[in-house]
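Structure first, commentary second.
Side chains are part of it too, since the values below use all heavy atoms of this structure and drop only hydrogens, waters and symmetry mates. Order of the sequence lines fixes the chain letters, A, B, ..., with proteins taken first and strands second; residue numbering starts at 1 for each chain.
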Amino acid sequence: MKLLRDQSAALRARLPLAYRDGMSRGALRGALHLGLLATLPRRVTDFVRLVAILFAAVTVSPAPTFAGEGGRTSKPVVSIENPGKCIAPAEEMRRNHMEMIKHQRDRTLRQGIRGEPASLNGCIDCHASKKTGSVLGQDGFCQSCHEYAAVKLDCFECHQPKSKFKPAAQAAATEMGRKP
Amino acid sequence: MSQHQNPRRAFIAAAGASVAGLGFTAIAPGLHLMAVGEANAAPRPAGQAASPAIRWGLLIDANKCAPGCTKCIDACHEENGVSEQMPDPRQNSQWIRKIELVDRRNGKLTTLPMMCQHCAKPPCVDVCPTGASMKRADGIVLVDRHTCIGCRYCMMACPYKARSFVHAPLTEQTPGTPRGKGCVESCTLCVHRVDKGQQPACVEKCPEGAMTFGDLNDPESVISKRIASANTTQVRGELKLDLGVRYQGI
Amino acid sequence: MATLNPRHEEGLFYALAVLGGAVSAIGLAAALYMEHSGHVVTGMNNQIVWGLPHVFAIFLIVAASGVLNVASIGSVFGKKPYKSRAPLSALLCIAMLTGGLTVIMLDLGRADRLMVAATHFNPTSVFGWNVILYPGMYAIVAVYLWTLMERRMNPYSKVAGLATFIWRILLTTGTGSIFAFLVARQAYGNAILPAMFIIMSFAWGLAVFMIVQKTMFGWNDMTLHAAIRGRMKNLLGTFVAAVFYFVATYHLTNIYFAKQTAFEEFILLSGGIFPVLFWVGYVLVGTVLPLLLIYVPDLNRLRGSVFAASTLVVIGAFCLLYVFIIGGQAFPLEIFPGYDVKSSFMDGAIDHYSPTLPEALLAFGGLGIAFTLTTVGVRVLRFLPQDDIAELEAAGSIVD
């Protein structure tokens, strides 16, 4: 298992400030500055202040949950179980994989074009962990990096994250077929 | 639902039915040779889009459909990984279901499988706000789950109740059939098999050979010839939706 | 309320705002729970696909459009007594629209994909039109409010009022068309529905307006001038009767068509909860009693009779929508005429729907949002209708 620390550091540097330092400071400062609103009628300011304080409370509270050890997110685990077969250099994949599979998915689903180089199942076949068989999980190829970059990973609400997965019922039927 | 039945018993029943069934030969356990319908075609070459010259369709002979048999449902659910059981069975996905019809005039019992009818003018496609409900060039009606927002308007609009809403998170999907919580789904005519030149799972596994799959646009196809010679019906034909699925014997 | 001193009054306002906020927050939490677990935690299923949230949301959206009628009567049809009510009517419209749309959107299977709905547009879908009509309503009402509140913009208020009126008619046409364009189910697919929804919006919107107006007047220890009260109650009566006319036409047409008689028999006689809600909830409570309260002189002279009539109209509205939306789905689709049908999926069988707690909380959350926005809105902004009786009498707008 190989950790690509340099890439993750680079990725981290590109993230907006808010992700690195948590959002708490800005929100608190905003709440304090509401003092300026004192010139408005009291009824309005009271209400605005109440809303602002509630908002600040909501914004601040989840910050410690998102930040990992020492306020920092843990590094992604980027392990490639089946290396050397990728359809493009790692640099390009890292930057453009979503565009690639997004365009492919639309062509495949809507126009019925099959056999394109980019495919989610293709990704999964090479990148699924040998231990869990999946690209998800704490050390999963997709999940760990997406969690680190705080980018929502929506594919696996519908797509199967395990390589060559057979549902229990189907596996049993195939098994019976092989050994009567 | 019977997909959780003992697999051994299911297999033995399937093998037995294959031996006895019309037009089927069991050459090895678990492997059926189709003698009716069309042989598997060549897969569509990589990079080639589905052709509007083709209109995929099904012909279902209700006279041959055996009451109580659920092989097509089992095949569909196995192929597409539809295995989840909700506490309330009305929340289960029903890609294909068996309907029992009793003629009110003479009490005659007919059974048939009902699924997405793959309309040429599908109401589900008309009503979908995001265009997720779509018809492919070769007539297969699909849901693009990447843009389905789960509003269920298509389920209100479908005259055949062919669509289901996934009511809970799923983990047992097959790699070939992505499906998940919060989206609407229905029979895909096994589009992933059809594109490989295979037949839909239900057609292949029907022990009675009651289902024929093929190109409705090709006058030389088995399905077209049968429709030309036999008396076939489009369900709720008065809606003039021009269905891809036709029935015999109702 | 005359005895309230300012401190108690302020306390009561905060209590109401907190109550409304709490109901809204619980509704949002319920939606989050539904989103997380899937709709398995609701009573909705693959036969009854729209449930209680849709009943509440459609009431709020239809009434939101209708409540704007009050403003239109003032600016488009030039009836003076309604002019001072335009700002409140616009505020109520925005509040209810927000409540209704929030419920509809949070009930989506993929509520997280709101951006998809905004960026993918299917021109043949009535829902697609609504994606344009509903946000457009906000914009137009906001502009209309601006022309009303900003003195320099006042000259444009008539044009803005007319635009709002047209947009509102289109919007409710869109809501009615959601059902009118469905061929599949017996209850829907009927061209009378868009028109019926428009007249329903008139009645329900005015009823909601009367309730809010009465509450605000009571709060401020004011009474509505008898002549204005008389005009508004008569208008409500006309609308309620008109809704009944449309509902009766819809059912009578269906009864006349042989293919629809089984469905009508179900909805009006044999369908368990649905006939009860229709006859008792809608016809008796929501139509007959309000009309008696409005038109029988001995009754309408009673204090609070118009308020009571308006409340009953709203209760009747919920009953009618429940029968229309849930009842319409509970009845099986007629897929094989001439056959008795049975399957694993409710073919040929009446479905029954029992809402669960999460979806009920979401539905009430919509009411909570509308209530909170209204309560806070009328507090922060000066939207209390002020009638200059002398001026109205001089203009001949009110006659005792």
Closest non-hydrogen atom pair, C/Ser344 against B/Arg97: OG-CB, 4.1 Å
Option that, when pairs with chain C are counted at under 4.5 Å, heavy atom only, ranks first among B/Asp88, B/Ile99, B/Thr110, B/Thr111: B/Ile99
Full working for side-chain contact (heavy atoms from CB on, under 4.5 Å) between B/Cys183 and C/Arg110: CA-CA 7 Å; B/Cys183 291; C/Arg110 297 296 310 249; 4.0 Å; yes
Heavy-atom check, side chain of B/Met155 versus side chain of C/Trp50, under 4.5 Å: no
Exam field: side chain B/Arg152 to backbone C/Val49, donor-acceptor pair closer than 3.5 Å: yes
Under 4.5 Å from a heavy atom of chain C, the part of B/Leu112 involved: side chain
Steps toward side-chain contact (heavy atoms from CB on, under 4.5 Å) verdict (C/Tyr339, B/Ile250): CA-CA 10 Å; C/Tyr339 291 93; B/Ile250 51 166; 4.3 Å; yes
More than 12 heavy atoms of other groups within 6.0 Å of B/Tyr160 OH: yes
Closest heavy-atom pair and its distance - B/Gln91, C/Met44: NE2-O, 2.7 Å
C/Phe121 CZ: over 12 foreign heavy atoms closer than 6.0 Å: yes
Among C/Ile335, C/Asp351, C/Thr42, C/Val341, residue most engaged with chain B (heavy-atom pairs, under 4.5 Å): C/Ile335
Backbone of C/His352 reached by a side-chain donor or acceptor of B/Arg90 within 3.5 Å: yes
Engaged part of B/Met86 at the chain C interface, taking heavy atoms whose separation is under 4.5 Å: side chain
Pairwise side-chain contact, B/Tyr153 with C/Leu182, heavy-atom cut-off 4.5 Å (strictly under): yes
Gap separating the SG atom of B/Cys158 from the CZ atom of C/Arg185, nearest 0.5 angstrom: 9.0 Å
Taking every non-hydrogen atom, the tightest pair across C/Phe127 and B/Pro129: CB-CB, 3.5 Å
Options C/Ser343, C/Gly338, C/Ala117, ranked by heavy-atom pairs under 4.5 Å with chain B, top entry: C/Gly338
Side chain, backbone, both or neither of B/Lys181 within contact of chain C (heavy atoms, under 4.5 Å): both
Under 4.5 Å from a heavy atom of chain B, the part of C/Met34 involved: neither
Shortest non-hydrogen contact between B/Val125 and C/Thr124, atoms and distance: O-OG1, 4.1 Å
When B/Val184, B/Leu239, B/Thr130, B/Val166 are compared by non-hydrogen pairs under 4.5 Å with chain C, the top option: B/Thr130
Shortest non-hydrogen separation from B/His146 to C/Val116 and the atoms involved: O-CG2, 4.5 Å
Chain B contact via C/Asp107 - side chain, backbone, both or neither, heavy atoms under 4.5 Å: both
Pairwise side-chain contact, B/Met114 with C/Phe345, heavy-atom cut-off 4.5 Å (strictly under): no
Part of C/Leu108 within contact of chain B (heavy atom distance under 4.5 Å): both
Heavy-atom side-chain proximity of C/Leu333 to B/Arg236 below 4.5 angstrom: yes
Listed partners of C/Tyr138 passing side chain to side chain donor-acceptor pair (under 3.5 Å), at least two apart: C/Thr98
Pick from B/Gly131, B/Cys148, B/Ser133 with the largest number of heavy-atom pairs that fall under 4.5 Å of chain C: B/Cys148
Max heavy-atom pair count under 4.5 Å with chain B, selected residue of C/Ile178, C/Val183, C/Val131: C/Ile178
Non-hydrogen atoms of C/Asp340 and B/Arg104 that approach each other most closely: OD1-NE, 2.9 Å
When B/Thr147, B/Ile149, B/Val235, B/Asp103 are compared by non-hydrogen pairs under 4.5 Å with chain C, the top option: B/Ile149
Residue among C/Thr119, C/Asn46, C/Val41, C/Asn130 with most heavy-atom pairs under 4.5 Å to chain B: C/Asn46
Toward chain B: residues of residues 52-59 of chain C with heavy atoms under 4.5 Å: C/His54
Pick from B/Pro89, B/Pro169, B/Cys128 with the largest number of heavy-atom pairs that fall under 4.5 Å of chain C: B/Cys128
Heavy-atom pair count under 4.5 Å with chain B, highest-scoring of C/Gly38, C/Gly128, C/Ala184: C/Ala184
Proximity breakdown for C/Gln329 and chain B, heavy-atom pairs closer than 4.5 Å: side chain
Residue C/Phe336 versus chain B: region with a heavy atom under 4.5 Å: side chain
